[in-house]
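Data block below; observations after.
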Amino acid sequence: MRIGELSRRTGVSPRSLRYYEEQGLLASTRTAGGHREYGPLAVERVDRIQCLFAAGLCSATIHELLPCIYAQERGDPAPDLLDNLREERTRIAASVERLERSLAALDAVIDNAHPSPAIAHAGAERG
DNA sequence: CTTCTAACA
DNA sequence: TGTTAGCA
């Protein structure tokens, strides 16, 4: 598929997809006309990249990590990278705990709220 | 119309 | 990252 389709299927802008390639995160072949061509696996790969970016990892770390995730690209984490990943893990774990606190706060409000009109209506129709 | 590269009111 | 320019 070309960049437009990959963009639609991942929700990532073509601009960002080209940026990922520039950072060595996403590979592509070229058509005779010089347009980027991606295989079907590119979709999940981009999702993974997005996920890691969202977790706060920088492109450089992601660049080294991806080959280890997709073993086909050959790679076991270098000692240096491993230390880096442990630090990131600690940071992400702390971030998750904070998110869970927010989740709990929202759940408390949601669970105590009155039934919504839509649900009440459905209940009325049901009987 | 879509993509490409390079560069910035 | 968006966006724009000028091509292919």
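Keep in mind the model is a prediction, meaning the values are calculated, not measured. Note on naming: letters A, B, ... go to the chains in the order of the sequence lines (proteins, then strands), and numbering restarts at 1 for each one.
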* Are A:Ile62 and A:Leu82 connected in a single hydrophobic cluster, I mean Ile/Leu/Val/Met/Phe/Trp/Tyr linked by side-chain heavy atoms less than 4.5 Å apart? -> no
* Structure fact -> When A:Val12 and A:His35 are each assigned the nearest nucleotide of DNA chain C, the 5'-most assignment goes to A:Val12
* Asked: NA contact type, A:Gly4, heavy-atom cut-off 4.0 Å: base, sugar-phosphate, or nothing?
  -> sugar-phosphate
* Could you state the atom-to-atom distance from CG of A:Leu17 to P of B:dC4 in whole Å? => 10 Å
* Nucleotide of C:dG2, B:dT2, B:dC4 approaching A:Arg30 most closely (side-chain heavy atoms) -> B:dC4
* For B:dC4, which nucleotide in any strand shown is its Watson-Crick or wobble partner with both distances under 3.5 Å? -> C:dG6
* Asked: Do any side-chain nitrogens or oxygens of A:Arg36 fall under 4.0 Å of OP1 or OP2 in B:dT3?
  -> no
* Whole-Å distance separating the CG atom of A:Leu6 from the P atom of B:dT2 -> 16 Å
* To do: Please step through side-chain contact (heavy atoms from CB on, under 4.5 Å) for the pair A:Leu17 and A:Glu21, ending with a clear verdict.
  => CA-CA 6 Å; A:Leu17 292 176; A:Glu21 182 171 317; over 6 Å; no
* Asked: Closer than 4.0 Å, any side-chain N/O of A:Ser16 to the OP1 or OP2 of C:dT1?
  -> yes
* **Whether over 12 other heavy atoms sit under 6.0 Å from A:Arg30 CZ** => yes
* Tell me, yes or no, whether the heavy-atom count around A:Arg91 atom CZ, taken from other residues, nucleotides or ligands under 6.0 Å, exceeds 12. => yes
* Asked: Is there a Watson-Crick or G-U wobble partner for B:dA9 with both distances under 3.5 Å, and which nucleotide is it?
  -> none
* Asked: Considering only heavy atoms and no angle criterion, is a donor-acceptor pair shorter than 3.5 Å present between the side chain of A:Arg15 and the base of C:dT3?
  -> yes
* Phosphate contact (B:dC4 OP1 or OP2) by A:Arg18 side-chain N/O below 4.0 Å -> yes
